[in-house]
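Small disclaimer: the values here were computed from a predicted structure and weren't measured.
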Amino acid sequence: MPELDKTYTPAEVEARWYQRWLDDKCFEADPARVSATRPAYSIVIPPPNVTGVLHMGHVLNNTIQDILSRRARMLGKEVLWLPGTDHAGIATQNVVEKTLKKQGAIKHRDDLGREKLVEKIWEWKEKHGDIIIDQLKKMGCSCDWSRQRFTFDDDYNACVMRVFVDLYKKGLIYRGKRMVNWCPSSLTALSDEEVIPTAQSGFMYYFKVQVVEQPDTWLTIATTRPETIPGDTAVAVNPKDERYAHLIGKHIRRPLPLENQASIPIVGDDHVDFEFGTGVLKVTPAHDKADFEIGQRHKLEVIDVLHPNAILNDLAGKDLAGLDRFEGRKKAVELLKEMEVLVKEEPHQNNVGFSERAGVPIEPRLSEQWFLKYPSVKESQDVVANGEMKFHPDRWAKTYDHWLTGIQDWCISRQVWWGHRIPVWYKKGSDRSALSDGTVHCGTEPPSDPENWEQDPDVLDTWFSSWLWPFATMGWTGDKAKDAANPTLRAFYPTTDLVTGPDIIFFWVARMIMAGFEWMGELPFKNVYFTGIIRDKQGRKMSKSLGNSPDPLDLISRYSADALRFGIMRSAPLGQDIRYDEQNVELGRNFCTKLWNAARFRQMQGGETETEISATLLSSDDKWILLRLNTAIAEVTAALEDYRFSDATSTLYRFFWSEYCDWYIEASKATLQGTDDKRKANTLAVIDFVLSNTLRLFHPFMPFITEELWHGMAFNADLPADQGGNSIMVAKWPKPLDADELAHFGILPEDEKTANDKYEAVNLGRNLKSTFNINKRVRFVLKPAQELPTHEIEVLRILLNAEPLDVDAAFAPTQGTPSALTPLGTLFLPLDGLIDVEAERARIGKEVAKVESELEKVTAKLADEKFTSKVPQKVLDEHQQRKTDWQEKLAKLKEMISALG
RNA sequence: GCGCGGAUAGCUCAGUGGUAGAGCGGCUCGCUUACACCGAGUUGGUCGGGGGUUCGAAUCCCUCUCCGCGCACCA
């Protein structure tokens, strides 16, 4: 056995093993190896932004995927964890544009033009694209890097084009002039999902307008956006509103712009809520979704008073033109004041939609966009509703179902340049509003006479490429015969698990399911695990602007990747948000150190790795730890099968730290420090057995240190290469000893009690020592309740740190000797009158009080006829037994007090 | 407004009808030949409030309060 270093050096170990795993192609999936006895297991990574950097959310998400993948390998499956990145259209273009502007290279993207800018973005991608991938590698992620994909790869691009053309031909993609969410910063349309409603404190402005036909009548209108008054083309009231109904059909004078105070109609529309504001609504069809609909119903004029970048245009009038929308608001209020029509302004809370990527308020805007009527909606809804696809936690199924029920068409076009260009060409000189077969071309290839055509300038929403991820990454071609012969698709689609955040359930998960059905005829994954959101200690979401997100790479360098992984998994209960606390990572590091030292301890006992355990030589402690190991294996296995990762880590922690290290190893020192070589070798065999199982149980969580120790302890030595000889990654996942094996070792369930009783006696003895402030080795005397083997006495002595431990059935303590009732008998701490009798009396008195109170409770219950007559026999027996136990204990405690004198 | 989570020890969380738990922290001891990134001991709770069902409720029902999230509305 090679000797382990005194201290663990994770940085060196982690780098070395990761390279070795890569060299040995340990992560590479081979569809040819899939068989009935070697089933496939697959996950596709939620592709991070190609120019992004790793954050804690990635750590959580990818640790889980790695745990699932690594365990699947240990279960003997052929595993494909398929990695890659996405091009994140708007975000990436924003970053590059901003950088170029900062460098002074451009003022506006038009200065460079489409081709040049896209070139610059590619340069950026080449430079930054591998950062996040390298970071995932630092975490230990066991992805098949040979299959790494990017949403802009040629093959992938072809999939996107094919899908667009297919949907277009099916009539599901159409072009329409509609109100969309417009981002004035990125100058593009956004889908509803990319708009985040955000509470804003603003003002509600009340202003009055004159009814043209009745100059004495004034109406008061409430608005939050006075700058859009020049775009008003009507005011609306509810026809059922008695205050105003008689005015329908008349007109009011629009106050702005000053040079064009047009007369606009008063219309009746049910949309108006007469409880809200004044019950009179100004209608701006160009700048509000609801207003646009009112406008449609009443055939109102549409006046767009904003430039695309939200600067007011000439139609807003000379006072407002050229102002930004927010400055324009102030100016409009001033003008209303000057005209003396501003009635009041009140602070007002409302929700304003913000662009998810650019962080600015979006502007509802009428524009020509491409829309998609979602395909395969019913299948997608059913597959989750009927439980064929499982969500964990399953409450997300309800959210998913709700969204699909009220689903709206998806605006898929974006007015940026970094993205998949829409494969539609228009015949030059043709009228785009009246397209026909001859004037529009939609195809994966340009028209044969490209000089006569112009391609649509728009690109597709990034999610329009991401929704194909589960099969486009596997080489899907859309050709039935080819795809049927594609070994990767055949073996690994549908994938097994998807791990993602619930915030992208609509953006991504739902759409992937639809795409799966539409083009593969099948669901894309069988289980979806939704992680929680990582929050800081105060419960705030982690964000760049708050600066409360730690850098995972920094954590790795300070604590190791294993520590980070273990720490984050320990604090991530199923379905709940995670309070991140660096202490958990520190605890992960401590755990690694403990593991390292426990392995070193084993090595220091010498001897080769022992494999044969002799049933006849097993001590009660050996049997106990084997039973505890069985429980731990069963618990961890069950927890992982239910995606309860933090439960799994709790079990690992409890088993290893408290059961194995604190009790078993300490107890086995009786043997290891003894002179019986046969027993010693047998205990070492038990230790090796337990450690080799422990390392395997830990491996999915802490891949590096477990691999290092697997080899360091030579547990790989006698194993075939593909079963752990080469790497712990493919060692067999532990199984509890079955009934036959337990019988072979002569282990009975009640063996657990034998050791437990002993440990309880130890606890009580230690407690005695600390009560009397004894911190040296001292003499204990046990007056045994039954005969004890010498080995057990030696274990007791070591655990009690007693010198000596006398066993004396006839022990007659001097008055005042502290003692404790233990399952093994009465344990005395003879201090030869050195103790404070009063302190001891107080100590036992406290215990008496507790026992008396418990006894009182149970006695009262048993005296209550309502209780005894209604309760099941089993519960009654339990209570009876409890009463007897407390009574006995009380009697003995009283004896102890009287023995004090 | 509708829906979904959550409220248990100082902190993070287990605990779905039968004697309230764990880890961390705090405090007190201790460098006993694996480990001070450690060991031993100890201290912490009328289980958010109120009502109900029950012999018995942290647990089931009703109701209220507070925190978080989603959807709708948002003039």
Task: Whole-Å distance separating the CG atom of L799(A) from the P atom of G41(B) - done: 11 Å

Task: Note: K883(A)-E854(A) ion pair, threshold 4.0 Å (strictly below) - done: no

Open item on the list: How many whole angstroms separate atom NZ of K874(A) from atom C1' of G56(B)?
Closed with: 15 Å

Open item on the list: With rounding to the closest Å, how many angstrom separate the P atoms on G45(B) and G21(B)?
Closed with: 13 Å

- [ ] Quickly work out the K769(A) NZ to U28(B) P distance and round it to whole Å.
- [x] 20 Å

- [ ] Please tell me if the side chains of E760(A) and T822(A) come closer than 4.5 Å, counting only heavy atoms from C-beta onward.
- [x] no

Task: Integer angstrom distance from the P of U19(B) to that of C24(B) - done: 26 Å

Open item on the list: Restricting to side chain to side chain contact (heavy atoms under 4.5 Å, CB included), what partner residues turn up for D241(A), sequence neighbours left out?
Closed with: N238(A), R243(A), Y244(A), F274(A)

TODO: Over all heavy atoms of both residues, which pair between L684(A) and Q605(A) is shortest? Give the atoms and the distance, please.
DONE: CD2-CB, 3.6 Å

Open item on the list: Ring-plane angle category for F701(A) and F566(A), please: parallel below 30°, perpendicular beyond 60°, tilted otherwise.
Closed with: perpendicular

Task: Upstream residue (5' side of RNA chain B) when S658(A) and K282(A) are each assigned their closest nucleotide - done: S658(A)

TODO: Please list, chain by chain and in numerical order, all residues satisfying side chain to side chain contact (heavy atoms under 4.5 Å, CB included) with E852(A), sequence neighbours excluded.
DONE: V848(A), L890(A), K894(A)

Open item on the list: Suppose you measure atom P in C13(B) against the same atom in C69(B); what distance do you get, rounded to whole Å?
Closed with: 16 Å

Open item on the list: So T233(A) and T284(A), do their side chains get closer than 4.5 Å, heavy atoms only?
Closed with: no

Task: Interatomic distance, D503(A) CG vs G68(B) P [rounded to whole Å] - done: 18 Å

- [ ] Among the candidates A40(B), G3(B), C73(B), find the nucleotide nearest to the side-chain atoms of K398(A).
- [x] G3(B)

- [ ] Remember a base hit wins even if backbone is also touched, and classify V272(A) as base, sugar-phosphate or nothing at under 4.0 Å, heavy atoms.
- [x] base

Do any N or O atoms of the protein come closer than 3.5 Å to N or O atoms of nucleotides 30-37 of chain B, and which pairs are they?
residue: A34(B); atom: O2'; partner: N597(A); partner atom: OD1; Å: 3.2
residue: A34(B); atom: O2'; partner: R600(A); partner atom: NH1; Å: 3.0
residue: A34(B); atom: N6; partner: E666(A); partner atom: OE2; Å: 3.1
residue: A34(B); atom: N3; partner: N597(A); partner atom: O; Å: 3.2
residue: A34(B); atom: N3; partner: A598(A); partner atom: N; Å: 3.4
residue: C35(B); atom: O4'; partner: N597(A); partner atom: OD1; Å: 3.4
residue: C35(B); atom: O4'; partner: N597(A); partner atom: ND2; Å: 3.4
residue: C35(B); atom: O2'; partner: N597(A); partner atom: ND2; Å: 3.3
residue: C35(B); atom: O2; partner: K594(A); partner atom: NZ; Å: 3.0
residue: C35(B); atom: N3; partner: K594(A); partner atom: NZ; Å: 3.1
residue: C37(B); atom: O4'; partner: N590(A); partner atom: OD1; Å: 3.2
residue: C37(B); atom: O2; partner: R589(A); partner atom: NE; Å: 3.1
residue: C37(B); atom: O2; partner: N590(A); partner atom: OD1; Å: 3.4
residue: C37(B); atom: O2; partner: T593(A); partner atom: OG1; Å: 2.7

Task: NZ or CZ of R535(A) within 45° of Y580(A) ring axis and under 6.0 Å - done: no

TODO: Mind calculating the distance between CZ (R570(A)) and P (A22(B)) to the nearest angstrom?
DONE: 13 Å

Task: Rounded distance in Å between the P positions of G51(B) and G56(B) - done: 15 Å

Open item on the list: Do the side chains of R589(A) and D562(A) get close enough for a salt bridge, i.e. N-O under 4.0 angstrom?
Closed with: no

Open item on the list: Please report the distance separating the C1' of A9(B) from the corresponding atom of G17(B), rounded so that it comes out in whole Å.
Closed with: 24 Å

Task: Lys/Arg-Asp/Glu bridge criterion (N-O < 4.0 Å) met for D288(A), R225(A) - done: no

N/O donor-acceptor pairs under 3.5 Å from side chains in residues 856-867 of chain A, not counting sequence neighbours:
residue: T859(A); atom: OG1; partner: L855(A); partner atom: O; Å: 2.5
residue: K861(A); atom: NZ; partner: H879(A); partner atom: NE2; Å: 3.4
residue: D864(A); atom: OD1; partner: K866(A); partner atom: N; Å: 3.0

TODO: Report the distance from atom CD1 of I407(A) to atom C1' of A72(B), rounded to the nearest whole Å.
DONE: 17 Å

Task: Base-pairing assignment for G45(B) (Watson-Crick or G-U wobble, both under 3.5 Å) - done: none

Task: Separation of atom CZ in F506(A) from atom P in G70(B), rounded to whole Å - done: 10 Å

TODO: Please determine, for the side chain of Y653(A), which listed nucleotide (G23(B), C69(B), C71(B)) has the closest atom?
DONE: G23(B)

Pairs under 3.5 Å (N/O, protein and nucleotides 8-12 of chain B):
residue: U12(B); atom: OP1; partner: R579(A); partner atom: NH1; Å: 3.3

Task: For G30(B), glycosidic torsion class - syn if within 90° of 0, otherwise anti - done: anti

Open item on the list: Under a 3.5 Å cut-off for both contacts, is U28(B) paired Watson-Crick or G-U wobble with anything, and if yes, with which nucleotide?
Closed with: A40(B)

Task: Euclidean distance for C1', U43(B) against G10(B) (whole angstrom) - done: 12 Å

Task: ring pair (Phe, Tyr, Trp, His ring centres under 6.0 Å) partner of F391(A), chosen from Y643(A), Y529(A), F530(A), W396(A) - done: F530(A)

Task: Partner nucleotide, any strand, of A58(B) [Watson-Crick/G-U, under 3.5 Å] - done: none

- [ ] Give a yes or no on this: more than 12 heavy atoms of other residues, nucleotides or ligands lie within 6.0 Å of atom CD of Q349(A).
- [x] yes

Task: U33(B) pairs with, by Watson-Crick or G-U criteria that keep both distances under 3.5 Å - done: none

Open item on the list: Any side-chain N or O of R766(A) below 4.0 angstrom from OP1/OP2 of G41(B)?
Closed with: yes

Open item on the list: Below the 4.0 Å mark, does C69(B) have OP1 or OP2 next to a side-chain nitrogen or oxygen of H402(A)?
Closed with: no

Report each atom pair, protein N/O against N/O of nucleotides 15-19 of chain B, whose distance is under 3.5 angstrom.
residue: U19(B); atom: O4'; partner: R882(A); partner atom: NH1; Å: 3.2

Task: First of W663(A) and Q583(A) reached from the 5' end of RNA chain B, by closest nucleotide - done: Q583(A)

- [ ] Tell which nucleotide pairs with A72(B), taking only Watson-Crick or G-U wobble pairs whose two distances are both under 3.5 angstrom.
- [x] none

Task: Partner nucleotide of A14(B) by Watson-Crick or wobble geometry (both distances under 3.5 Å) - done: none

Open item on the list: Just to be sure I understand the rule, does N767(A) reach a base, reach only the sugar-phosphate, or reach nothing, if contact means heavy atoms closer than 4.0 Å?
Closed with: sugar-phosphate

Open item on the list: Under 4.0 Å, counting only non-hydrogen atoms across every strand here, what does D291(A) touch: a base, just sugar-phosphate, or nothing?
Closed with: nothing

- [ ] Let me know the distance between NE2 of H287(A) and C1' of C74(B), rounded to the nearest Å.
- [x] 19 Å

Open item on the list: Would you measure the distance from the C1' atom in G44(B) across to the matching atom in C38(B) and give it in whole Å?
Closed with: 24 Å

Task: pair F698(A)-M702(A): side-chain heavy atoms closer than 4.5 Å - done: yes

Open item on the list: Need the pair for C66(B). Rule: Watson-Crick or G-U wobble, both distances under 3.5 Å, any strand; none if unpaired.
Closed with: G6(B)

TODO: Write down the distance separating the C1' atoms in G50(B) and A57(B), rounded off to the nearest Å.
DONE: 15 Å

Task: Candidates C69(B), G41(B), C24(B) - which lies nearest the side chain of R535(A) - done: C69(B)

TODO: State whether K282(A) and D232(A) are salt-bridged, where the test is any N-O pair (Lys NZ or Arg NE/NH1/NH2 against Asp/Glu carboxylate O) under 4.0 Å.
DONE: yes

